[in-house]
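First the structure, in the form of structure tokens, and then the observations on it.
Convention: sequence-line order gives letters A, B, ...; per-chain numbering from 1. As the structure is a computational prediction, the values presented were derived from the model and not from experiment.
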Number of protein chains: 2
Amino acid sequence: MINLLSNLKIAVSENIYLKDPESSDLGKRIVEYGILLIDEIGFDSFTFKKLGAKIDSNESSIYRYFESKHKLLVYLTSWYWAWIEYQLVFATQNLPDEEQKLKKAIDIVTRVVKQDSTFSHINEVALNRIIINESSKSYLTTDVDAENKEGYFKVYKRLVSRISQMILNVNPDFKYPSSLASTITEGALHQHFLKDHFKSITDCNDSVSPSEFFVELTLNAIR
Amino acid sequence: MINLLSNLKIAVSENIYLKDPESSDLGKRIVEYGILLIDEIGFDSFTFKKLGAKIDSNESSIYRYFESKHKLLVYLTSWYWAWIEYQLVFATQNLPDEEQKLKKAIDIVTRVVKQDSTFSHINEVALNRIIINESSKSYLTTDVDAENKEGYFKVYKRLVSRISQMILNVNPDFKYPSSLASTITEGALHQHFLKDHFKSITDCNDSVSPSEFFVELTLNAIR
DNA sequence: CAAAAATAATAGTATTACTATCAATATTGC
DNA sequence: GCAATATTGATAGTAATACTATTATTTTTG
């Protein structure tokens, strides 16, 4: 993602925030240091008060952007998946072969994230760690269904649907394209977690990547 | 699991609790109604105070069994996976064919749970819902590594290792037995969640089960 | 039946996740 | 350049959480 895209903005659904954090300097700092602080101390210990201290601002000011820390997490995950979706669409659009497209798509959702200088206030590497460690907390709640209706998880579902469609493009008769796509997307996060914490139940490590595993799994499954 | 096993006890690592909840009436009530209350209001809203009110006991008494609600969750997930492991070992031991064994094992970790009358104070159906909705919160914490060293996740890892070994028994050359086993185990929980909340990104529903999907995925992957 | 163990009751603490109010500062529109 | 408006900051307050500590009461058991 080089400079030609420098005025690109990742679109996050408006009802997730009270005030668009992209619209002001304070908003951007909330997102920038919010990512760093959650990465540092974990989402459970993270509070708006601590974030306020970190950015020399006031707790009450942060509440004007996000109703709760939960909403901030939903915002960050939406941003992340929209960013991944953008890379996926961009990287696959001119590939001639459907299987190649699918392989590329799997690579993009499962690979280790590298810093993207297009969005200067977002540390994508730290954000990726947050997605691995915390993103499931954004939907494992009692009000998933209500929030889902409000469109909070739209981007994520759209990304999975795109991969599902790519699977069908390779094999229109495959019976489980959506389940396979969601297994790849969530499973990759899980494999990254396992290689960091529960090494004995994964084969992924410095030389075997989750990408390799999921590409092989997928191609064998749908052929 | 019929009556011949009526004095069976599921073994949960001793350092998870302060006092064995199986050792007293109050302990069993804590587990029994803890499951029901977490299932009812969700783990995030669950407190020992509320549980105390439900079982007509005191908050402070519950703290003598479990240091925190987090430890109770770790206990419940350990109990659950030990129970699944027991079913898996029991159901596969006399099968002659390795592929049949593996299919049976996958069925057991991915299927919808039915009530098991062997453990009268445990509602396995409610516990299964807790595993689907809350179990990842037991390890997505800042102290996973410390707790892992203490053996909190031993049962879970042993179960995944068993499945991994069964995969190898079918195909000793398969390169990713552990990753596949962990993907099946965690992926099944995820598919159950999706069919309840994000239907559009799964193919699982009343007629297509996660078991069917994962059996087919696995056999295609390792053949 | 006494001693020990388990449970209950009460109180207390620091922190969390906010809301409300008012003051200070910055921005903009004319 | 200044008034109106919007934004941010400061302070205070609240109910609930996640505990710990202490003491009283009840139950168990040797």
Side-chain angles (χ1 to χ4, degrees), chain A residues 14-34 37-38 40-76 121 134 137-138 140-143 146-147, chain B residues 14-34 37-38 40-76 121 134 137-138 140-143 146-147:
Chain A
E14 291 185 15
N15 51 356
I16 294 173
Y17 48 75
L18 295 170
K19 186 181 167 175
D20 186 357
E22 291 291 323
S23 71
S24 75
D25 187 64
L26 178 62
K28 282 180 198 147
R29 287 162 56 74
I30 290 171
V31 170
E32 174 171 9
Y33 290 94
L37 189 54
I38 293 172
E40 192 186 329
I41 65 176
F43 183 69
D44 298 335
S45 304
F46 172 86
T47 69
F48 281 176
K49 197 170 191 180
K50 290 175 188 171
L51 178 56
K54 187 147 188 154
I55 63 179
D56 261 310
S57 177
N58 202 275
E59 200 189 356
S60 60
S61 303
I62 301 170
Y63 274 105
R64 284 198 197 89
Y65 286 83
F66 295 101
E67 246 173 75
S68 62
K69 70 170 184 169
H70 171 248
K71 293 270 175 106
L72 173 59
L73 182 61
V74 173
Y75 178 89
L76 294 178
H121 64 299
E134 320 284 3
K137 296 171 190 169
S138 73
L140 296 177
T141 64
T142 41
D143 24 63
E147 296 192 339
Chain B
E14 290 184 15
N15 50 356
I16 293 174
Y17 47 74
L18 296 170
K19 186 182 169 176
D20 186 357
E22 291 291 322
S23 71
S24 75
D25 186 64
L26 178 62
K28 283 181 197 146
R29 287 162 55 75
I30 289 171
V31 171
E32 173 171 9
Y33 290 94
L37 189 54
I38 293 172
E40 191 186 329
I41 64 176
F43 183 69
D44 297 334
S45 303
F46 171 86
T47 70
F48 281 175
K49 197 169 191 183
K50 290 175 188 170
L51 178 56
K54 187 147 189 155
I55 63 178
D56 260 311
S57 176
N58 202 278
E59 200 189 356
S60 61
S61 304
I62 301 170
Y63 274 105
R64 281 200 201 84
Y65 285 84
F66 294 101
E67 246 173 73
S68 61
K69 68 171 184 169
H70 171 249
K71 293 268 175 108
L72 173 58
L73 182 61
V74 172
Y75 178 88
L76 293 179
H121 65 297
E134 321 283 3
K137 296 171 189 169
S138 73
L140 296 177
T141 64
T142 42
D143 23 62
E147 296 193 340

Let me confirm one number: the CD1-OG1 distance from A/I41 to A/T47, rounded to the nearest 0.5 Å.
6.5 Å
Interatomic distance, B/Y33 atom OH to B/I62 atom CD1 [nearest 0.5 angstrom]:
13.0 Å
Counting only side-chain nitrogens and oxygens, does [X] get under 4.0 Å of the OP1 or OP2 atom of [N]?
| X | N | result |
| --- | --- | --- |
| B/K50 | D/dT17 | yes |
| B/S24 | C/dA5 | no |
| B/S57 | C/dA8 | yes |
| A/K69 | C/dA17 | yes |

Does A/K137 NZ have over 12 foreign heavy atoms under 6.0 Å away?
yes
Determine whether more than 12 heavy atoms belonging to other residues, nucleotides or ligands lie under 6.0 Å from atom NZ of B/K49.
no
Kindly say whether B/L18 contributes a backbone atom to a donor-acceptor pair with the side chain of B/K71 at under 3.5 angstrom?
no
Of B/H70 and A/S61, whose nearest nucleotide on DNA chain D comes first from the 5' end?
A/S61
Between [X] ([atom1]) and [N] ([atom2]), how many Å, whole number?
| X | N | atom1 | atom2 | answer |
| --- | --- | --- | --- | --- |
| A/Y63 | D/dA12 | OH | P | 18 Å |
| B/D56 | D/dT26 | CG | P | 15 Å |
| B/R64 | D/dT27 | CZ | C1' | 14 Å |
| A/F48 | D/dA10 | CZ | C1' | 18 Å |
| A/E59 | D/dG13 | CD | P | 15 Å |
| B/F66 | D/dA18 | CZ | P | 16 Å |
| B/I55 | C/dT7 | CD1 | P | 10 Å |
| B/E67 | D/dT20 | CD | C1' | 12 Å |

Closest to side chain of B/S68, choosing from D/dC19, C/dA8, D/dT17:
D/dC19
Looking only at side-chain atoms of B/T47, point me to the closest of D/dT8, C/dT10, D/dA18.
D/dA18
Hey, which sits more toward the 5' end of DNA chain C by its nearest nucleotide, A/F46 or A/S60?
A/F46
